[in-house]
Amino acid sequence: MPLALLALAVGAFGIGTTEFVMMGLLPDVADDLHISIPAAGHLVSAYALGVVIGAPLLAALTARMSRRTVLIALMVLFVVGNALSAFAPTDATLLAARFLSGLPHGAFFGVGAVVATTMVAPERKARSVSLMFLGLTVANIAGVPVATLIGQHLGWRAAFLGVSVIGLAAIASLAALIPHDHTHASATGLRGELAALRSVPVWLALGTTVAGFGALFAAYSYVTPMLTDAAGYADASVTVLLALFGVGATIGNLLGGRLADHSLRGTLFGGLTSLAVVLALFPLLMHTQITAALAVALLGTAAFVTGSPLQLMVMEKAQAAPSLASSANQAAFNLANAGGAWIGGLALAAGFGTTSPALAGALLAVLGVGVAAVAYAVDRRSPQEGRVVAAHVPHEAPTLHH
C-alpha cells in the first residue's frame with residue numbers, strides 16, 4: 001500500500017475528531033456562551049447539514065480540478081472552519097463556523113476514496129479505501145477522547161485549535177505524499193459527474209448506505225442510557241466503553257476492506273446481516289456489564305465492515321464519474337446519522353423500553369439487506385446499468401500502480 005494513503009488517513013482523523021468531539025463538549029460550550037444544552041445541540045446539526053450540502057456541491061464544483069489540489073483546498077477550508085469555531089464570540093457565529101467546518105467533510109472522503117483507488121492494483125481497491133477510513137475510526141479511539149479532555153481542562157476553544165493543528169498536519173502530508181500523476185481531473189467534467197445521479201444502481205447503493213448506517217445510529221445515539229440504565233454502568237465508565245466501539249469499528253473497517261477485495265457483495269450482505277443480528281441481541285446483551293461491553297464492540301465491528309464495500313459500490317456504479325457519487329455517499333451517511341437517531345428516538349418515546357432503539361436499528365438493517373438484494377437483482381438483470389456515464393464520455397486515463 002502506498003504511503004500516500006497515510007496523508008488521507010491523517011485528514012480523515014482530523015475530520016472524525018471534529019465531527020464527534022462536539023458531543024462531549026456541549027455542556028462546556030453551553031455554559032460559556034450562556035445557552036441551553038438543546039440549543040448547543042444545534043451545533044451538531046449544523047455540522048451535519050454542512051456535510052450533506054457540501055459533499056455533492058463541492059464535488060460537483062471541483063469536478064475539473066486536480067484531485068490533489070481539491071484535497072488540499074478542502075483541508076484548508078477545514079482548518080479555517082475549526083479556527084473560526086475556536087474564536088467564535090457568540091453562539092450564532094459558532095453555528096456558522098460549525099456549518100463551514102462540515103462543508104469539506106463529505107467531499108474529502110469522496111474525492112479521497114477515488115484517489116486512494118487509483119494508487120493501487122484493482123484487487124486492493126477496497127483495502128485502500130478502508131485504510132483512508134482508518135483515520136475516522138481511530139479518531140473515535142484517540143482523537144475524540146483527547147480533544148474532549150483538552151476541552152474540559154483548557155477550555156472548549158483549545159480543543160478546536162487542536163483540531164486545526166491536525167488539519168495543518170494533513171495539508172502538509174497531502175502536499176508531500178499525494179503524487180500528481182494519480183490525481184488528474186475527471187475527463188467528464190460537471191455534466192458527466194451529474195450523470196451519475198441519474199442511475200438507479202447508484203441510488204440503490206446510496207439507499208443501502210442510509211438504511212445500513214441508519215441502523216447503527218438508531219442504536220448508537222442512545223447507547224449511553226442503555227449502558228447506564230439497562231447494564232448498570234456508572235456515567236464515568238461510558239467514555240471507556242465508547243472507546244471500545246471505536247476499537248470494534250477499526251477492526252470492522254480493516255476486515256471489511258480485506259474481505260470486500262475478495263467478494264464485494266458477499267461482504268456487504270454479511271456485514272448487514274451481522275449488524276441486524278447484533279442489534280436484535282442488544283436487549284439480551286445489556287443484562288450484564290460484560291456482555292454489554294461486548295455488544296458495544298460488536299456493534300462497531302458489524303457496522304463498519306460495510307463501510308468500504310458501500311463506498312466502493314457507489315464508485316463502481318459511477319465508474320467514469322465517481323467523485324460526485326462517492327461524495328454523495330458521505331452525505332447519505334450523515335442522513336443516516338440524523339434519520340437513525342430520529343427513528344431510535346421514536347421507539348423510546350413510544351415507551352418500548354431503553355433498548356428499543358437497538359430493535360428499531362435491527363429492522364433498519366434488515367431493510368438495508370432488502371435494498372442491497374434489489375440492487376443485486378437489478379445488476380443481474382442489466383449488468384451495464386451500473387455503467388452510469390453516456391457512451392461518448394471517455395474514461396479517465398489509466399494510472400500506474402505503486
Side-chain angles (χ1 to χ4, degrees), residues 1-25 47 50-51 54-55 58 62 65-88 97-98 100-116 119 128-180 182-183 243 246 249-250 253-254 327 330 402:
M1 287 292 169
L3 188 61
L5 292 177
L6 176 63
L8 296 173
V10 173
F13 178 80
I15 289 174
T17 300
T18 200
E19 179 180 19
F20 294 107
V21 72
M22 181 57 78
M23 286 76 156
L25 297 178
Y47 183 92
V51 178
L58 293 179
T62 59
M65 293 175 59
S66 158
R67 288 173 182 151
R68 180 178 184 272
T69 302
V70 171
L71 289 170
I72 294 173
L74 290 171
M75 286 312 301
V76 169
L77 183 59
F78 170 83
V79 171
V80 170
N82 281 281
L84 289 176
S85 297
F87 294 105
R98 286 297 288 169
L100 182 65
S101 299
L103 286 176
H105 176 130
F108 181 87
F109 280 109
V111 176
V114 175
V115 171
M119 293 191 293
S128 72
V129 174
S130 73
L131 289 178
M132 179 186 68
F133 283 146
L134 185 64
L136 180 65
T137 58
V138 171
N140 284 283
I141 303 173
V144 174
V146 171
T148 302
L149 286 175
I150 290 173
Q152 291 171 346
H153 289 86
L154 301 178
W156 63 269
R157 298 178 188 275
F160 287 109
L161 284 177
V163 172
S164 298
V165 172
I166 298 173
L168 292 174
I171 292 171
S173 300
L174 290 167
L177 298 177
I178 299 293
H180 291 273
H182 290 299
T183 56
T250 300
N253 174 55
L254 293 174
S327 299
Q330 295 301 311
H402 283 195

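We count residues from 1, following the sequence as given.
A donor-acceptor contact shorter than 3.5 Å links the side chain of S164 to the backbone of A83. Using a distance-only test at 3.5 Å, with no hydrogens or angles considered, a donor-acceptor pair links the side chain of R68 to the main chain of A175.
Side chains of M132 and V115 form no contact here, defined as non-hydrogen atoms less than 4.5 Å apart. In this structure, S173 and L6 have side chains that are not in contact, with every pair of non-hydrogen atoms separated by 4.5 Å or more. When side chains are defined from C-beta on, L58 does not count as touching F108, because their heavy atoms never get closer than 4.5 Å. The closest side-chain heavy-atom distance from V144 to T148 is below 4.5 Å. Using a 4.5 Å heavy-atom threshold, the side chains of M75 and P104 count as separate. In this structure, L8 and L131 have side chains that are not in contact, with every pair of non-hydrogen atoms separated by 4.5 Å or more.
Among all heavy-atom pairs drawn from I178 and A4, the shortest one is CD1-O, 3.7 Å. Closest heavy-atom contact between P145 and A139: CD-O, 4.0 Å. When all heavy atoms of A97 and S85 are compared, the pair lying nearest together is CB-OG, 3.4 Å. Of all non-hydrogen atoms in A55 and G106, the two that sit nearest each other are CB-CA, 3.8 Å. Smallest separation of non-hydrogen atoms from N253 and S130: ND2-O, 2.6 Å.
From F133, atom CZ reaches atom CG of L254 across 12.5 Å, with rounding to the nearest 0.5 Å. A distance of 10.0 Å separates CG in L149 from CG in L154, rounded to the nearest 0.5 Å. Once rounded to the nearest 0.5 Å, the distance linking CZ of R157 with CG of L25 reads 12.0 Å. Summarising the geometry, atom CG belonging to L100 is positioned 6.5 Å from atom CG belonging to L84; distances are rounded to the nearest 0.5 Å. Rounded to the nearest 0.5 angstrom, N82 CG and I166 CD1 are separated by 9.0 Å. From F13, atom CZ reaches atom OG1 of T18 across 11.5 Å, with rounding to the nearest 0.5 Å.
Note: F160 and W156 have perpendicular aromatic rings, judged against thresholds of 30 and 60 degrees for the angle between ring planes. Taking the six-membered ring where the residue is Trp, H105 and Y47 present perpendicular rings, their angle passing 60° and hence far from 30°.
Identified under the salt bridge (charged side-chain N to carboxylate O under 4.0 Å, His left out) test for residues 130-152, with sequence neighbours left out: none.
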